[in-house]
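Right, one structure below, let's go through it.
Order of listing sets the numbers, starting from 1, for every ligand and every atom in it.
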Amino acid sequence: MIRKTFRPGATIFFEGQPADCAYIVERGQVEICATRDRTHITLATLGRGEIFGEMAVLDDSVRSAAARATEETEVLIIRRDQLKRRIQEVEPVVGQLLGSLISRFRQAQSGLLNDLPGRDRGTANHLVVSAPTGGTERGESALNWIHREHDLERGLGAGEFEPFFQPIVTIAGGELAGFEALARWRHPDRGLVPPCEFIDLGEKSGLIRQIDLAIMADACALLRRTAGDRPLPFLSVNLSSQHFTDMDVVTGLAERLAMTGFPADRLKVELTETALVHDPHQAYEVMCRIKDLGVTLALDDFGTGYSSLSYLHKFPFDVLKIDQSFVRALGEVGRTHHIVETIITLARRMGMEVVAEGVETADLIRPLRELGCTFGQGYHYSRPVPADVMGGMLDRPIASRE
Ligand code: CMP
Ligand code: MG
């Protein structure tokens, strides 16, 4: 359940209760309150976009106050793991800082509650500590975040993610060699959502791991079924850098290969340099275990990020994918041409295959061929297509149309 509705006057939780989630007000008004010596104390009145109930979740303690709906109120639920991941993701030390702030706040507030002026003299039976708040821009963005994260989770559960296939073609002869599987989200309201609109959220919420593996499994099954008795093109799948911090992905890939019957030596895993930066030793171990399965490894988007040559020889890559920003500059006289030439020569000397990404026009093919580039991928050959269109590409040669 991601949303709860409370009637006016209903208690959301009591002071001293254990906690497993925080809340964000979507509609209505929530009073944060405490009772001391029969005096009702309103600590805060919260409105749309405001978060409450986060303290006990963050410091694994009990509710510091009660929460009550003062009018018909709808709240969205933020689970413990969603909240904690957000903080961990920034910096673990942020979690510690929040912990110490919360503990000081708890101390200060319990002091205040025990010592409110007027309370013990019975001069008031209702004290208000602060005026109503809510409805800020920051609140809107918090609401937006939790909405989008819940929606992504729902979409994953509903099987709305599917692979599109973009052909990878031999530069020399223009023949189909393989496909890269690219994730698309077939959203019930938003239509076909491209990865640039959900990958970032997937990484922030940690759901990217499940999305990647779902795409991989579907793509393996679809390609194998579509190819039937014909020679099976290779399949390249993208894995987020988050997979390279532990061994889960190795089991994940092995299970899905077994499930779909897709041959491991026809599968390539694409990763970017960001996967190698955080913990290179661990990433190296994960990569070796993936190779033990018989799967090959491709370094994706080379030329955009660090473009570190040291990664090329320290990590066991079989394929180098040159980013489209480099490839586009080919054919023009200039320094980029020399850079691309050097990268291709280097990669080939090291026994790697080279894929040029972003081959958008026919005039790029001749220089790529002269430089000895193995494969090309881009709009000149084909856009990414859904599985049913991919089937037609298996029979018909993809001409180089140079
Ligand atoms: P938690 O301790 O989990 O449960 C009670 C919640 O009320 C607490 O988290 C905060 O989100 C909120 N809260 C407690 N004291 C105040 C206050 N003085 N002002 C605003 N919100 C508060
Ligand atoms: Mg890729």
Do any nitrogen or oxygen atoms of ligand 1 lie under 3.5 Å from a protein nitrogen or oxygen, and which ones?
residue, atom, partner, partner atom, Å
ligand 1, 2 (O), Ser64, N, 2.8
ligand 1, 2 (O), Ser64, OG, 2.8
ligand 1, 3 (O), Gly53, O, 3.3
ligand 1, 3 (O), Ala56, N, 2.9
ligand 1, 3 (O), Arg63, NH1, 2.8
ligand 1, 9 (O), Met55, N, 3.3
ligand 1, 11 (O), Gly53, N, 2.8
ligand 1, 11 (O), Glu54, OE1, 2.6
ligand 1, 11 (O), Glu54, OE2, 3.3
ligand 1, 15 (N), Gln109, NE2, 2.8
ligand 1, 18 (N), Gln109, OE1, 2.8

Working note: Phe244 + Phe315, criterion ring-ring contact (aromatic ring centres under 6.0 Å, His included); need CA distance, chi angles, decisive distance, verdict.
CA-CA 13 Å; Phe244 294 85; Phe315 292 90; 9.7 Å; no
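- Residue pairs meeting the side-chain hydrogen bond (donor to acceptor under 3.5 Å, both in side chains) criterion with at least one member in residues 46-57, sequence neighbours excluded, are Arg48-Glu140, Glu50-Thr133.
- Asp60 and Lys84 are joined by a salt bridge, as a carboxylate oxygen and a charged side-chain nitrogen come within less than 4.0 angstrom of each other.
- Lys268 has no carboxylate O lying under 4.0 Å from a charged side-chain N of Glu180, or vice versa, which leaves the two without a salt bridge.
- A salt bridge links Arg154 and Asp151; the closest N-O separation between the charged side-chain nitrogens and carboxylate oxygens is under 4.0 Å.
- Excluding water, every protein N/O/S atom under 2.8 Å from the Mg ion (ligand 2) is given here by residue and atom: Glu180 OE2, Asn238 OD1, Glu270 OE1, Asp300 OD2.
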Pairs of donor and acceptor atoms involving the side chains of residues 26-34, under 3.5 Å and at least two apart or interchain, shall be tabulated with distances.
residue, atom, partner, partner atom, Å
Glu26, OE1, Arg3, NE, 2.8
Glu26, OE1, Arg3, NH2, 3.2
Glu26, OE2, Arg3, NH2, 3.2
Glu26, OE2, His147, NE2, 2.6
Arg27, NE, Glu74, OE1, 3.0
Arg27, NH2, Glu74, OE1, 3.1
Gln29, OE1, Thr70, OG1, 3.1
Glu31, OE1, His40, NE2, 3.3
Glu31, OE1, Arg68, NE, 2.8
Glu31, OE1, Arg68, NH2, 3.0
Glu31, OE2, His40, NE2, 2.9
Glu31, OE2, Thr42, OG1, 2.5

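- Open room surrounds NE2 on His281; 12 or fewer heavy atoms of other groups in view lie less than 6.0 Å from it.
- Screening Leu299, Ile339, Ile344, Val355 against Ile322 for a side chain to side chain contact (heavy atoms under 4.5 Å, CB included) leaves a single residue, Ile344.
- Ion pairing between a basic and an acidic side chain is recognised when a charged N comes within 4.0 Å of a carboxylate O; Glu153 and Arg79 show such pairing.
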